[in-house]
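Heads up: the structure comes next, in structure tokens.
In what follows, every chain begins at residue 1, and chains take the letters A, B, ... in the order their sequences are listed.
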Amino acid sequence: MDRKDKQKKGSGEEPCRKEQTVWEQKGISRRDFLKFCTAMSAALALPAAFAPKIARALDDVKRPALVWLEFQDCAGDTEALLRASSPSVSEIVLDVLSLDYHETLMAAAGRQAEENLWKTVREQRGKYIAVVEGSIPMKDGGVYCCVGGRSALDIAREVCGNAFATIAAGTCAAGGGIPEAKPNPTGAVGVKDAVPAATVINLPGCPLNPDNLTATVVHYLTFGKLPDTDSRGRPLFAYGKRIHDNCERRPHFDAGQYVEVWGNDAHRKGHCLYKMGCKGPETYHNCPIQRYNEKTNWPVGAGHGCIGCSEANFWDTMSPFYGRLPNVPGFGVELTADRIGAGLAIATAAAFAGHGVISALRKDKDSEGKKEE
Amino acid sequence: MAKIVIDPITRIEGHLRIEAEVNGDRVADAWSSSTMFRGIEKILQGRDPRDAWVFTQRFCGVCTTVHAIAAIRSVENALGIRIPPNAELIRNIIMGVQNVHDHVIHFYHLHALDWVDITSALKADPAKTSALAASLSDWPLNSATYFKGVRDRLAAFVKTGRLGPFANAWWGHPAYKLPPEANLMATAHYLEALEWQKDIIRIHAILGSKNPHPQTFLVGGMAIPIDPDSQNALNAGTLAEIRGLLARTKDFVEKVYLPDLLAIASFYKEWATIGGGVGDFLCYGDFPSDNSGKAETLWMPRGMIRNRDLSRVYPVEQEKITEYVDHSWYEYAGGPGKGLHPWDGATDHAYTGPKPPYEYLNTNEKYSWVKAPRYDGLPVEVGPLARCLTAYAAGHREMKTAVDMVLTKLQLGTDALFSTLGRTAARGIETLVLARKLPEWLDSLTANIKGGDYAVHNGEKWDPDTWPKEAKGYGWHEAPRGALGHWIRIKDGKILNYQAVVPSTWLASPRDAKGRRGPYEAALVGTPLADPKRPLEILRTVHSFDPCLACAVHLFDPDGGGAVTVKAL
């Protein structure tokens, strides 16, 4: 169908025509745009029928402002953002959001850069989205992380405190991450602990999956509210199920077929990595479904066990990474590999019951948040 | 003299602050400070050495993979482990792709806007831009229609009045010299490179599950199995996919990156005399041709260049590496004024800077979380330029050909390499040479598999029970930003202490006990400033080093309980 025909066909249907015009003006083909909306429906674990709703919602928004703060970080979540594919980072920057502050990407430097941040905080108060990457050091007056001469804590209080919502991107911002691992030399914490008054959505992962970041933003743009979360502030659409439950190698676990030596026949044939230390049975994340880098692969798919990177304190609770779950401090009961299937089934049931309660509580909180809007 | 501060230095990794004294229209002196500290080495103590790479990989998410490589090499060195040839080749491919990918992102997304004025692109004539692009290469995306599309997209974006990451920059600065057409071409390639980089890095995902932070390294080899008859391993299909992506990688570097680099450099040739820096260069070398661990098997040669003299390559001796803390926020138990080797250092972090919020640091005293590493007492430059110079002086065929090609096209001599322009050009030269080399490593890997060799891991010493009671080792790697070293001590199967001296430690180093400037600081002295209120030229020289400050801090404890050594990168 050529462009003329498309416009003709669309002319009788107001939302559709408008959608074409606006996005085509932005240099994005209707085909790509709808592909993106469909991908977003999938990422959000919604039926494909939601794609048109997402399309309409995105078309109506005028690039909400987003400021991205980097504290005790490694920029891994920033790099993950660069790998985003639906939409890609150039589409995010030019078409979807107004990325008003991002140290790694912005052209301005020094005082001019800081002016951009504070202008958004001042002029878009309560409307902008803040993203935080990296933990916040609380010890010794915050001297362990300063930007423009101000401490990370000082900046976070003002920026996150005045945002519509803050997305804690990656495990460090979500719960302290690696700086917080024992003995936590700088008193590092996640955003919610540093700024308890802020509305925070946690997107842990080391780094986070960029698809989950875009899906969270699109969820907000589409439904006008933040997604439901679990007890750790993680959206259920991305963290509602254990890796183990969606793992492509699960049948091998159930059949008792395990890798026991790196590079052996079982490893080559894709058997279960549980005995090599895989933390999939204790980790809530959508890696097996969403995968990484345009859905190319994910850790278990490439032959290495999960390290549990979306779980708080995983650096301490999931290590040594090549030790089996029963060896992990904090896991609790001693379970052998033979018995673990049954044991975990009980743990899962308990965990899911917990999730249900928490999301019900969250719903109430969210409706309150909506009233404030 | 006026003192200016740029904090944050943006378009880098991490938290960097530059304070500079300006005398008239020149930088008279400069101080480089890192303002973030995490303490990951302290966190490593007592952990399983096989886990070290997972932790150290998180030093940095931009040069992801590099600390994982250095970590596994340090453990393998300590325990005397030889890895299978396939694992060596897979590592070479991962490291080579990392360098190429990182350098292209640096050029377009972190460095280009120092030279390219995006706002000027709006005034470009698409037909003239097309003619310019076609004169430089036969890259398919060079029609007038294409460039008009980019210009219109940019114009529509500007019309919204919300410039996002491009807001409030020093557009229109007198130091910008490109004509509108070159600016439009570079802007188009800025956007293309964003798409390209997310595609070609899928090589890391195929071999290592994801990027950033691939999860595939193992002490003793790699976790990605090989089996032509399995869908869960490297097979003919995945090898073909990698081959296709490597071809795309090379294509973009040859037809877009290098032509852009040469075109932009030709307008800024005065930068071949600015930003020279310390004049001594260190390269550990990398990309082993076999698994013997011998320096002479490294495809990228090891060596040092002293005092800008390309007639001789000096050997590298690891015991000559020491670090000073006289201007860094740490203390040595033995008192100030001494440098300590990574295996022997001992110190404690002790912040003595101003309480935030602050206007200025006290640069006469301590002013950075970065330590001051010195080789044989001297500050040295590491990175693509150090690698190019070492290889050039050593007569490395591919590198020498590429360096000569670039110098000939720019009509410059080898003296021009010792500059801001030379540093930026060296990064492109190395990218070109690596992009052409990468398919050869894949060929070797394919040939091994064809011959029936599927080994990816040497498990003889996987079990800590097979280890000696005590061991120490070091692992070196040429990361995108330069010479990277990790030093480890193992006792009773656990990490006793761990220390990393990374490229940005060398480069962002503050002054040492004798007051000698680090490479950024030395390179900034004498930088001309067209408008000291908008010090664009400072960004050019600092960005030419590709700063990466995240890896900022390491601590280790040599006695397992006594004084604590804090390391800054």
- Quick one: sort the W462(B) and W262(A) rings into parallel, tilted or perpendicular, breaks at 30° and 60°. perpendicular

- Item | Side-chain (H15(B)) to main-chain (F71(A)) donor-acceptor, under 3.5 angstrom | yes

- Message: Donor-acceptor pair, distance only, cut-off 3.5 Å: does the side chain of H267(A) make one with the backbone of A233(B)?
- Response: no

- Message: Using a 4.5 angstrom heavy-atom cutoff, name the option from P179(A), C146(A), G270(A) with the most pairs to chain B.
- Response: C146(A)

- Within 6.0 Å of CD in E359(B), more than 12 heavy atoms from elsewhere: no

- Message: Any heavy-atom pair between the side chains of Y292(A) and N211(B) that's under 4.5 Å?
- Response: no

- Query: Judged by atom type as modelled, is there a donor-acceptor pair below 3.5 Å linking the side chain of R111(A) to the main-chain atoms of D7(B)?
  - Reply: no

- What part of R291(A) gets closer than 4.5 Å to chain B, counting heavy atoms only: side chain, backbone, both or neither? neither

- Region of A80(A) that comes under 4.5 Å of a non-hydrogen atom in chain B: both

- Under 3.5 Å: donor-acceptor pair, side chain of S98(A), backbone of R162(B): no

- Message: Contact between P8(B) and E114(A) at the side-chain level, heavy atoms closer than 4.5 Å - yes or no?
- Response: yes

- Query: Can you tell me if R83(A) and Q197(B) form a side-chain donor-acceptor pair at under 3.5 Å?
  - Reply: yes

- Message: So which atom in A84(A) and which in K198(B) form the shortest heavy-atom distance, rounded to 0.1 Å?
- Response: O-CD, 3.2 Å

- Query: Does some side-chain heavy atom of W315(A) sit less than 4.5 Å from a side-chain heavy atom of R58(B)?
  - Reply: yes

- Query: Is there a donor-acceptor contact under 3.5 Å from the side chain of N232(B) to the main chain of R268(A)?
  - Reply: no

- Message: Less than 3.5 Å apart, any donor N or O on the side chain of T296(A) or R202(B) sitting next to an acceptor on the other?
- Response: yes

- Per-residue tally against chain B (heavy atom, under 4.5 Å) across D100(A), L66(A), T104(A), L97(A) peaks at T104(A)

- Donor on one side chain, acceptor on other, E195(B) and S90(A), under 3.5 Å: yes

- Query: Does a side chain donor of either R63(A) or T160(B) reach within less than 3.5 Å of an acceptor in the other side chain?
  - Reply: yes

- Task: Kindly assign one of parallel, tilted or perpendicular to the pair H304(A) and W53(B), based on the angle between their ring planes and the thresholds 30° and 60°.
- Result: perpendicular

- Pairwise side-chain contact, M36(B) with Q72(A), heavy-atom cut-off 4.5 Å (strictly under): yes

- Does the side chain of Q112(A) come under 3.5 Å of the side chain of N168(B) through a donor N or O and an acceptor N or O? no

- Working for side-chain contact (heavy atoms from CB on, under 4.5 Å), residues Y322(A) and L218(B): CA-CA 10 Å; Y322(A) 302 101; L218(B) 291 174; 3.5 Å; yes

